[in-house]
Protein chains: 2
Amino acid sequence: MSSSGSLNPESDSFEGRPVFYIGQHDSTRTEALVDDQYTQVLNSGFRFVTAPITNQHFFNRVVDLHRAYLKEREQWTEQRGLTAAQPPNASLPGPVVPTLTDKDTELYPSNYIGSLAVYFSPWIDLCSSDPLISSISRQVLNLEAAYANFCGARTIVVPGPRNDDSSRGIAQYARAIREAMHVANRANIIIHMPMYREPGLDEKAETLSSIFNPGNGLKAKEKEIDLFSAWDSWNTIRSVCSYSMRLFVALRVPRRVPEKTLQERWFAEPLHYLTIGQDIFELNRAGHPSLSRNHQDLINRYMRLRSIPWLILCDVGPRPEELATRPDEMAAEFPSLAEASQALRESRRPHMPAMNAHVGYMRYLERQQPPFSAMETPALTSFQDWLQPPLQPLADNLESATYEVFEGDPVKYDRYETAITEAMVEWKELKKPTSTATPENPSNPELVVTVAGAGRGPLVTRALRAAESTGTPIQIWALEKNQDAYVYLLRKNKVEWGNKVTLVKTDMRGWEGPRLKGREDVIGKVDILVTELLGSFGDNELSPECLDGIQNHLARPHGMSIPHSYTAHLSPIATPRLFADISSRVVGDPNAFETPWVVRLFAIDYVAQKVPDHPRFQQAWEFAHPVEVARADDFAAEHGKAAKHVTGGVGSMAGASGTNEHNARHCHLTFVCPTRGVIHGLSGFFESVLYASQTGAGKEPVEISILPDQIDRKSKDMVSWFPIFFPLKKPLYFPQDTELEVSMWRQTDDTRVWYEWLVEVYAWVGPDTRIKVGTSDLHSSRKVACLM
Amino acid sequence: MSSSGSLNPESDSFEGRPVFYIGQHDSTRTEALVDDQYTQVLNSGFRFVTAPITNQHFFNRVVDLHRAYLKEREQWTEQRGLTAAQPPNASLPGPVVPTLTDKDTELYPSNYIGSLAVYFSPWIDLCSSDPLISSISRQVLNLEAAYANFCGARTIVVPGPRNDDSSRGIAQYARAIREAMHVANRANIIIHMPMYREPGLDEKAETLSSIFNPGNGLKAKEKEIDLFSAWDSWNTIRSVCSYSMRLFVALRVPRRVPEKTLQERWFAEPLHYLTIGQDIFELNRAGHPSLSRNHQDLINRYMRLRSIPWLILCDVGPRPEELATRPDEMAAEFPSLAEASQALRESRRPHMPAMNAHVGYMRYLERQQPPFSAMETPALTSFQDWLQPPLQPLADNLESATYEVFEGDPVKYDRYETAITEAMVEWKELKKPTSTATPENPSNPELVVTVAGAGRGPLVTRALRAAESTGTPIQIWALEKNQDAYVYLLRKNKVEWGNKVTLVKTDMRGWEGPRLKGREDVIGKVDILVTELLGSFGDNELSPECLDGIQNHLARPHGMSIPHSYTAHLSPIATPRLFADISSRVVGDPNAFETPWVVRLFAIDYVAQKVPDHPRFQQAWEFAHPVEVARADDFAAEHGKAAKHVTGGVGSMAGASGTNEHNARHCHLTFVCPTRGVIHGLSGFFESVLYASQTGAGKEPVEISILPDQIDRKSKDMVSWFPIFFPLKKPLYFPQDTELEVSMWRQTDDTRVWYEWLVEVYAWVGPDTRIKVGTSDLHSSRKVACLM
């Protein structure tokens, strides 16, 4: 089961799978390990250990302080003839925990302290409703945070809130953590949370509360299991800590693995550690420790995160009695960093003890993980949850390398080729007239194909290939506004395309139309117009506006646009990481929260569930081409005519003439969330019908899609587009049985296009009663609008 | 009932009461009045009139446009063999409303347009679920907004949302208003809202919806009356419009005056107009129009606002047929401003028609209002809802004029004098020893009184007076750190106090103590220590810390501090005005939302209701003096001793030695809100027991209070303190049956004191089920902390 190779996670055998980084925690340990002991644990297969900040001596001292104070207060109350039931008098100060001494801790600065997971005292109770206990707990927290920070600890683990049945407790706890982060101003603070509160979960160890308020906390155990209450507590804590980038979760793997919804909820959170208790392991037939299939799946899933969580195995040995004895007396002074370093080197003599059986099993699991897929190459995973600013597609000229990246997606161009092929076949089957037909030669068979926005020509190549494979005679135009790409196209036409292509350097919206071959005095029409102007949200790179500007050259009624139509889709998501990231940008970029970001969404939670009539992903709107008027400029006039006595239209915005009003859109969608949660914004996707039969004669449309539940069916492994993300300025919390109502607008003033979005929260609180519980701001990307 | 004097609201007879500014609206008017008509209306007693932006011609044109479009779409659908039930095809553009022509409006730029209340077309329906109607409505709104803005209109009234049973409608409506505010970039936009949606409220006039979707809207009328739904709609609208300072309410007075809770809710909103329909008036026995007592009270209440709302009487005449006929033909061109001005002057010839009976009645009501009280002087009302930055009481020296303002409050000093008097009486009755007592002369009767922070000496004067009235021999010290006030005190001692006072220029925390008269080598103790260090929230100007610094000079156990104790109190409030004000400051002052502001709260709504165990105002915490240790510096040592082997304390904050830890406080309060609403922050108040008998022997304590429900009983007309306001960064919405859980902390790091606050929202959704629906940020005034 264990092999010597498994000790080295950097070895070749691990290539192509996530690496396990395994640490050891002993809940009975009350003192930091000394060097020899540390080495011993490392040698048994662990990569790091945990260390308590303070020891039993300190615990006893705090308990004594508390006892002495209670006695003093009692005397004081008696002296004044007051009863114990009366509230403590405001003039009697509470206890102050004295500073640490060298007797209170075995932790000291060393050159490996940065690799220790340092543990706060588990006996404090920050949530206590007893003001003395919560005050002492807070003082202990700050003392320990300050000292650990001084020693150079970089990772400090705090026991999570003890109970969640009082909101009072959580607010108090959260504020104390925020203060501790202020005190330990360089360390990461890790909150140790259960995945959910399993019955009997609380540790049996002695705490301030169990000593001074025995009997409290029993109530919570009797209650029904609330799967999301632990997550809810965590959400409050990190909200109060303003989504600090230094705040993480150590997630305790539960004995019973819960439903997927909860697993996915935690998947989106900043998991620093997964902690696995001794009681999670089963013994297999050979008597070796092992984990259930559900536990394995859970771990495998979390190991797919971009920042792979580290594993902490709890109480799986080496047990304290197996470790070397401590030196009789601690050194009178701290060792210097140099001395400590020397001691460590010496202690690393190559004596290899037996590997810990639990570590061995985890190494085995490590090797059993499914290997990385084609979508998990380092190049692609590096894009996970990485915000890309939106393009200004009409204003910016792309570089050759960018085109090359786009062209590197065979799936997309294969779909385009299929679409063009189907269009040509249909043309022939139905014997549609072509644009080159004339009264003299009504059956002129040459199709006019135009690739508008040709870039470096991949669609031209595909169109030529389709014509060849279908035996369709074509005249082909390629338009490109980027003068540098134009040079590339000219060369390609000579070298690859045999000069079959007519190249025009122009913005497609300013093109005069095709001068037909052999009849150059005639401006003809286009039969098949091919473009690749789609963005992550379909229309967000102004495909509708660009196509409006060229569609007057399309033959009517039979000219086809490829793509034929496209739809935008939305789903609300929780993504704490992106929220924190955008928050950190606001100083330099005041519009960061009103910018639609392109991002490969990964560590996110789709909070909406699929229910009848309310899918998880919902269509916002659709665009179809060509639009049913000859020229965009005529829209207003067309409809002005209906009112008989007017010549110009006006549209929705002051000063605009309404020519782009028909490209405005609006949607109102309702998403259903059975469990409580929080959202940080809306994920956006698109689908496109590249080709659909004009007759609808039984032909399958040719589609592409980046919708998570459709991409594998319609365009598997297509990587050209990442989703889009519309953030919310403030996380929006919602209770269980909620409907999220999303309103979104595509707005235009004839010179720019932007989006506006708003989310409202309604909760069902009875069979017929729905109450509003919150609303987001109205967000608008107007200030970072796409220029037409 | 009417008198010529009443025509002039500036006349003397109106002094001391709010002034009514009365306008006229005619719902049947479809064209702006011409000059002569305008004059005629003014002459009948009104001060302004309303004017529609567009006319019947425009309405007809829009209806025709819509009809023509529907026909066109039908043909288009038929041609393609589609059914009408299918959604409109994305390639068919919607209608575009053409620009206005001179036939569409009678409004034009004039020199009195700024005084018109300009009305949007009442027939639009921005909320419509029919996308065509909502789109056309939005286009009409923007057309009219742009044109009215061009003409110079400064006040544009928009009909409120037509129905509220669809959240979709409100979001759509609100976004359209935001767009219109962008288009009309200088005008104020006034949303015409009913106070609540009374059955049968909707106007009977023709609208786009009633023409094209008859039958819609009936459902809403059948439903139970939801008192807060209109307010809720308004709240959504102004939230989407980011609490713009240009957005106001025209509040329609209902036929039936609703409960106080709702009246107060609207009291806090930016009321620009109160509109009163003809049907609100009753006829009295003489056949004259009059209003019910409830209506009168409602109006009187709103007239107390600092920005007094204007009144618009609707459809009370002069009726259209009573007005001069319009000129047969409008001038071919707009009159120039000069011409218009000339026309207006000419039309103002002094022919006095009869005053409108309704105006006459309103003038009568105006005179019947209760006169301004002592608390409503212009000096005091000017402070209403005016944010004052917090003091740095220990760092700043006050000017003489500021002291003079403080001294101008007789109530406060009378209470202090009573407290000192009672203390002296008790001293004599109980034959307590005095500080000047010595073993040789144990009954030395001279009390040592010290006024610490004497300022210009008002409390010294009161102490001397109390000693005289009770015949108490005293030695009196006055301490003052402000060197300039010290000069004033020296002079006062000579001129007024007969050199009876020992003056010391010192910070009270550095005072050596009283050198007793006749025994100057002895540092004695103080019997009665008098201070006035209280802030609006009690402890917010560091009274606890200052008294800690001097209490070692107080005789034990019998020395008394006046004040004896004080408590801080909180209540959550809605205050849209302050929220908007603070929002506007954030650019220059990034801490504006984390600053406790001193403000005379006025146009606010206390959202919490008093229920058993949960009063509207709740105590946060208490301070009592002297504290039960000799010196603040000893606190840590005192308790350190309990743990036996430690000398220094540490307190809660890194680097602090915990000397001020005992002045930290924390509270968790639950407020009950039966109706839905929104809060913008917490109002804070204090109460103080200046003197309480040490024996508790049946004596009433001497108290002061600024709590709204206590001030009249404990210290009526005391004006020295305004409340404090702890803002929230984002308005916090809550549904009905909510509990607001307020957590607040008084924090200290031994050099500074600040507050932290957090509000959580829980809603009861069943007899045993309470769900969390939202949380505020944790706010902290650490960055604007009070320096010790």
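Here the structure is a predicted model, which means the values were calculated and not measured. Below, chains carry the letters A, B, ... as their sequence lines are ordered, and counting in each starts from 1.
The part of Ser135(A) that comes within reach of chain B is its side chain, from C-beta onward, which places non-hydrogen atoms under 4.5 angstrom from that chain. Neither the backbone nor the side chain of Lys103(B) comes within less than 4.5 Å of any heavy atom in chain A. With a 4.5 Å cut-off on non-hydrogen atoms, Trp745(B) touches chain A through its side chain but not through its backbone. Using a 4.5 Å cut-off between heavy atoms, Pro626(B) contacts chain A through its backbone alone, with no side-chain atom that close. Only the side chain of Lys730(A) comes within contact range of chain B, judged by heavy atoms closer than 4.5 Å.
Legend: residues meeting side-chain contact (heavy atoms from CB on, under 4.5 Å) with Ser780(B), ordered by chain and number and at least two apart, are Arg178(A), Glu594(B), Trp754(B), Glu756(B), Arg782(B). With sequence neighbours excluded, the residues satisfying side-chain contact (heavy atoms from CB on, under 4.5 Å) with Ala184(B) are Ala145(B), Asn149(B), Ile156(B), Ala187(B).
Taking 4.5 Å as the limit, some side-chain heavy atom of Pro93(B) sits within range of a side-chain heavy atom of Val627(A). Between Arg138(B) and His666(A), the closest side-chain pair of non-hydrogen atoms is not below 4.5 Å. For the pair Arg175(B)/Leu758(A), no side-chain contact is recorded, criterion being any heavy-atom separation below 4.5 Å from C-beta on. Side-chain atoms of Leu92(B) and His662(A), non-hydrogen and from C-beta on, never get closer than 4.5 Å to each other. Using a 4.5 Å heavy-atom cutoff, the side chains of Thr236(A) and Lys772(B) are in contact.
Highest contact tally toward chain A, considering only Val678(B), Thr775(B), Leu141(B), Asp232(B), is held by Asp232(B) [criterion: heavy-atom pairs under 4.5 Å]. By number of non-hydrogen pairs under 4.5 angstrom with chain B, the leading residue of Pro544(A), Ala176(A), Gly774(A), Pro735(A) is Pro735(A).
In this structure, CD on Glu741(B) lies 12.0 Å from CD1 on Ile170(A), to the nearest 0.5 angstrom. One distance of note links OG of Ser242(A) with CG of Leu778(B); it measures 7.5 Å at 0.5 Å rounding.
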(message) Between His668(B) and Gln172(A), does the side-chain contact (heavy atoms from CB on, under 4.5 Å) criterion hold? Intermediate values first, please.
(response) CA-CA 9 Å; His668(B) 185 92; Gln172(A) 216 167 258; 6.0 Å; no
